[in-house]
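All values reported here derive from a predicted model rather than from experimental measurement.
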Amino acid sequence: MKKALLILTSLFLVCPVSAAPNNAVEQSTPVEQQQTPTAQERIQQLAYTAQNIKASSEERADALRQLSRFPNQNSLVAVARALKDKDPIVREAAIVGAEPYKAEHRWSMISPLLKDKVEKVRITAAMNLVRDFSNMDKAQQAQLEPVVSELKAHLKARSDQDSQLLLADTYRWHQEWQKADELYRSLLEDDLHNPQIWLSLADNERGQEHNQKAIEILDKALKTLPNNADLHYSKSLALVRLGQKEQASKEIKSAATLAKDNSYYWYLNGVLQEEFDVTASTASFEKAYLISGAPEQLYAVCDIYARYGNPKAQQCIDELSQYAPEYVIKELTSKIKQ
């Protein structure tokens, strides 16, 4: 399931999302026909505004930032064009708009701006790319290094919490683990109730494969912020890496329940619950799709229907066939238990 789902997810990052429903359906099953959501018109309007040279710089920039929430072909075209715009305000916003795309695509689009004549554009480009520093080849790292130094100097000059947290994150992404740890802990001394500081501190340990230490940090955080969904989610992932799947399934269930309408958490809950409770797993996949309407989450519903003989399996696959390649449909159909 995982391989095909990854392929399907990748496919839909470069296909218009108008092919898939985006609103939560109210019918009794997640595979019944849904109306075309008005959100699609909104996405098209944002893409149009982003490319409209008659609009003001601020209007285009705002549209580009909003497009970061809606990765599809129209959004990608708008972002790619804006990255080459003569207006630095537009170029900077386009970097933000490029955030949801894969690292290799972001590198090809954004790396030319590491040499932009405007400092703010260069820094924003570095901010976008440095998070993938550990996965870059030596040539890419060498190209990024001077602008990362520029980014760090820019942030060091600012004392506000957001800038200091971003500086710590930059240290972490740049694999300066000790500097990141010290700065995160300094920030926690002033604010124990900021969940992002706890999450980033735990990620700093995870980046060094210190998963037990990450869990200990998250346990401390949860004593202060027991109802924070993201903390439970992060702890769940750390437990999975340690092979403690049953405990991880409890944590992701807490995360999904607390977040309520986070379709990704409900999807992960479905993945982890399957080993222990197929009924709960199926319901979680259904809920994820009902929230998002995303084709890749419909795939997860169809997959578990097919593998466990759910009578709705064929109906689900028929619905998915409107969006998925033929080979994906054939693979799912072959799994149906008679």
Side-chain angles (χ1 to χ4, degrees), residues 2-17 47 50 64-84 91-116 120-152 154-155 165-177 180 196 199-200 202-209 214 230 233-234 237-238 240-241 264 267-268 294-297:
K2 185 179 293 185
K3 182 177 180 181
L5 184 56
L6 287 172
I7 293 171
L8 190 62
T9 303
S10 176
L11 175 71
F12 280 98
L13 270 180
V14 294
C15 291
V17 296
L64 286 159
R65 294 187 193 98
Q66 291 191 59
L67 284 175
S68 67
R69 295 157 42 210
F70 308 109
N72 69 24
Q73 187 66 30
N74 291 337
S75 300
L76 182 59
V77 169
V79 167
R81 289 177 176 172
L83 286 166
K84 300 175 182 179
R91 293 199 301 276
E92 181 192 355
I95 295 169
V96 177
E99 284 186 3
Y101 300 99
K102 292 181 178 180
E104 60 267 28
H105 298 321
R106 284 188 290 107
W107 176 266
S108 65
M109 291 191 295
I110 296 172
S111 59
L113 296 181
L114 294 172
K115 297 180 179 179
D116 197 279
K120 194 171 183 181
V121 175
R122 293 195 305 272
I123 288 174
T124 305
M127 210 180 302
N128 183 295
L129 296 172
V130 70
R131 67 194 66 188
D132 299 300
F133 187 85
S134 63
N135 297 318
M136 293 178 180
D137 59 38
K138 292 186 181 301
Q140 290 173 324
Q141 290 179 345
Q143 186 176 342
L144 186 58
E145 280 288 0
V147 196
V148 170
S149 297
E150 195 173 7
L151 169 62
K152 288 189 288 188
H154 174 82
L155 294 170
L165 180 54
L166 183 54
L167 175 59
D169 287 340
T170 302
Y171 286 143
R172 170 167 58 88
W173 295 324
H174 200 233
Q175 299 180 319
E176 298 177 72
W177 310 116
Q196 191 55 54
L199 288 164
S200 295
D203 277 346
N204 198 52
E205 296 296 346
R206 177 193 57 77
Q208 301 170 78
E209 299 185 0
D230 295 335
Y233 162 74
S234 184
L237 296 187
V240 168
R241 288 190 288 268
Y264 183 60
Y267 164 75
L268 289 180
E296 60 268 27
Q297 292 183 345

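Between R122 and V147 the shortest heavy-atom distance is O-CG1, 3.4 Å. For the pair A78 and L67, the tightest heavy-atom approach, listed with the atom from each and the gap, is CB-CD1, 4.0 Å. Counting all heavy atoms, side chain and backbone alike, S68 lies closest to P71 at O-CD, 4.3 Å. When all heavy atoms of A98 and I110 are compared, the pair lying nearest together is CB-CD1, 3.8 Å. Between N128 and I95 the shortest heavy-atom distance is ND2-O, 3.1 Å.
Separation of atoms NZ (K84) and CE (M109) is listed at 10.5 Å; rounding is to 0.5 Å. For the atom pair M127 CE and L155 CG, the distance stands at 6.0 Å (nearest 0.5 Å). The structure places CG of L151 at 8.5 Å from CH2 of W173, a figure rounded to the nearest 0.5 Å. Here the CG atom belonging to L114 is positioned 10.0 Å from the CD atom belonging to E150, to the nearest 0.5 angstrom. Between the CZ atom in R206 and the CZ atom in R172 there is a gap of 7.0 Å [rounded to 0.5 Å]. Note: T124 OG1 to E92 CD = 4.0 Å, rounded to the nearest 0.5 Å.
At a threshold of 4.5 Å between non-hydrogen side-chain atoms, the residues S108 and Y101 do not count as touching. Using a 4.5 Å heavy-atom threshold, the side chains of V96 and L64 count as separate.
Of the possible polar contacts, none joining the S234 side chain to the D230 backbone as a donor-acceptor pair under 3.5 Å is found.
In the model, D203 has no side-chain atom that pairs as donor or acceptor with a side-chain atom of S200 under 3.5 Å.
The side-chain hydrogen bond (donor to acceptor under 3.5 Å, both in side chains) contacts involving residues 131-143 comprise R106-D132, where partners must be two or more places apart or lie in separate chains.
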Test log, rule side-chain contact (heavy atoms from CB on, under 4.5 Å), inputs M136 and W107: CA-CA 10 Å; M136 293 178 180; W107 176 266; 3.9 Å; yes
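The ring-ring contact (aromatic ring centres under 6.0 Å, His included) check on F133 picks up H174, with sequence neighbours excluded. Annotation: side-chain contact (heavy atoms from CB on, under 4.5 Å) contacts of R69 (sequence neighbours excluded): Q66.
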